[in-house]
Q: 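Below are the structure tokens for one structure; questions will follow.
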Amino acid sequence: MSRVERVNPGHLSPPTGFSHAVRVPATGHLVFLAGQTALDGEGRIVGAGLVEQFEQALANLLAAAEAAGARPADLVRVTVYAVDVADYRAHAPELGRTWRRLVGADYPAMAVVGVARLWDEEALVELEGTAAVPD
């Protein structure tokens with residue numbers, strides 16, 4: 001049984017690709033994950049489109065989490081910054097498949113925020129998050 005409880009009240013709109021709230025016991029430690037874009041190991045943005053960039057950014061986020069001792073199931077919050085929210089919504093099914101392949105079927109509390117641009121001009125998406133890791 002997971003120690004992370006995803007809370008989705010029945011009177012709120014059913015969540016798709018996120019959880020309304022995530023409750024974690026006050027044990028263990030928190031890992032705060034910096035925003036990750038589709039940078040490769042050489043510092044170059046890879047992937048011409050949103051789906052490819054999302055996959056690389058998510059892989060980078062998961063690599064940072066793993067280095068800090070967190071597993072994908074430990075993610076309790078992820079914020080997605082997208083330069084084109086309409087494009088993000090249009091690709092939501094593909095992005096969801098990518099999420100499930102890399103992270104699994106459980107979603108943390110999430111938000112998608114539209115931004116004018118990201119630090120790297122070629123970046124289309126950035127992900128940041130928080131993980132709750134048991135002791």
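Below, all heavy atoms of this structure are taken into account, side chains as well, without hydrogens, waters or symmetry copies. Note that the structure is predicted; figures quoted are calculated from it, not measured.
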Q: Asp120 side chain to Glu122 main-chain N or O, any donor-acceptor pair under 3.5 Å?
A: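 No; judged by distance alone, with no hydrogens or angles, the pair does not exist.
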Q: Are more than 12 heavy atoms, taken from residues, nucleotides or ligands other than Arg89, located less than 6.0 Å from that residue's CZ atom?
A: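 Count not over threshold, so no.
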Q: Could you pull out the closest heavy-atom pair between Leu39 and Gln56, with the gap in Å?
A: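 Here Leu39 and Gln56 meet closest at O-NE2, 3.6 Å.
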Q: How far does CG of Asp87 sit from CG of Leu124, to the nearest 0.5 angstrom?
A: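 Going from the CG atom of Asp87 to the CG atom of Leu124 covers 7.5 Å.
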Q: Looking only at heavy atoms, what is the nearest atom pair of Pro108 and Val78, with distance?
A: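 Answer, listing the atom of Pro108 first, then Val78: CG-CG2, 3.8 Å.
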Q: Shortest non-hydrogen contact from Val133 to Ala70?
A: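 Nearest heavy atoms, Val133 then Ala70: CG2-CB, 3.5 Å.
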Q: Restricting to non-hydrogen atoms, name the atom on Val103 and the atom on Asp106 that form the minimum distance, rounded to 0.1 Å.
A: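 Smallest interatomic distance, heavy atoms only, reads CG1-O, 4.4 Å.
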Q: Please report the interatomic distance CG(Leu95) to OH(Tyr88), rounded to the nearest 0.5 Å.
A: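 Reported value, rounded in 0.5 Å steps: 5.0 Å.
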Q: Consider side-chain contact (heavy atoms from CB on, under 4.5 Å). Of Leu62, Leu61, Leu102, which one does Pro72 pass it with?
A: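 Single side-chain contact (heavy atoms from CB on, under 4.5 Å) partner of Pro72 among Leu62, Leu61, Leu102: Leu62.
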Q: Can you confirm whether Pro134 sits close enough to Asp74 that some side-chain heavy atom of one is under 4.5 Å from a side-chain heavy atom of the other?
A: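 Yes, side chains in contact.
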Q: The test is side-chain contact (heavy atoms from CB on, under 4.5 Å); show your working for Asp40 and Asn60 and say whether it passes.
A: CA-CA 8 Å; Asp40 66 9; Asn60 290 347; over 6 Å; no
Q: I'd like to know if Leu127 and Val113 are part of one continuous hydrophobic network [Ile/Leu/Val/Met/Phe/Trp/Tyr, side-chain heavy atoms within less than 4.5 Å].
A: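 Both belong to a single hydrophobic cluster.
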Q: Just to verify, what does Glu55 make a side chain to side chain donor-acceptor pair (under 3.5 Å) with, not counting sequence neighbours?
A: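 If we apply the side chain to side chain donor-acceptor pair (under 3.5 Å) test to Glu55, skipping adjacent residues, the hits are Arg101.
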Q: Is it true that a side-chain atom of Asn8 and a backbone atom of Ser19 form a donor plus acceptor pair closer than 3.5 Å?
A: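 Not a single qualifying donor-acceptor pair exists.
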Q: Can a donor-acceptor pair be found, under 3.5 Å and without considering hydrogens, that links the side chain of His20 to the backbone of Ser13?
A: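 Confirmed, His20 side chain pairs with Ser13 backbone.
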Q: Tell me the closest heavy-atom pair linking Val31 and Ala68, and the distance in Å.
A: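 Here Val31 and Ala68 meet closest at CG1-CB, 3.6 Å.
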Q: Give, for atom CZ of Phe54 and atom NE2 of His91, the distance between the pair rounded to the nearest 0.5 Å.
A: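 Phe54 atom CZ to His91 atom NE2 measures 12.5 Å (nearest 0.5 Å).
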Q: Side chains of Phe32 and Glu128: closer than 4.5 Å at any heavy-atom pair?
A: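 In short, these two side chains do not touch, never coming nearer than 4.5 Å.
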Q: Linking I/L/V/M/F/W/Y whenever their side-chain heavy atoms sit closer than 4.5 Å, directly or via other members, would Val51 and Val83 fall into one cluster?
A: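 Yes, same cluster.
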Q: Is there a donor-acceptor contact under 3.5 Å from the side chain of Gln53 to the main chain of Ala38?
A: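 Judged by distance alone, no pair lies under 3.5 Å.
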Q: Are Val112 and Val76 linked, directly or through intermediate hydrophobic residues, by side-chain heavy-atom contacts shorter than 4.5 Å (ILVMFWY only)?
A: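 No, because Val76 and Val112 fall into different hydrophobic clusters, even though each may have its own neighbours under 4.5 Å.
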Q: Over 60° means perpendicular and under 30° means parallel, so tell me whether Tyr107 and Trp99 are parallel, tilted or perpendicular.
A: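 Answer is parallel, since the angle falls under 30°.
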Q: Please name the pair of heavy atoms, one in Ala64 and one in Leu33, separated by the smallest distance, quoted to 0.1 Å.
A: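 So the minimum-distance heavy-atom pair works out to C-CD2, 4.0 Å.
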Q: If you measure from CE on Met110 to CZ on Phe18, what distance do you get to the nearest 0.5 Å?
A: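 Here the rounded value is 9.5 Å.
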Q: Would you tell me whether Arg77 and Thr79 have side-chain atoms, one donor and one acceptor, within less than 3.5 Å of each other?
A: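 Side-chain D/A pair, Arg77 to Thr79: present.
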Q: So Val125 and Val80, do their side chains get closer than 4.5 Å, heavy atoms only?
A: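 With C-beta onward as the side chain, the pair touches.
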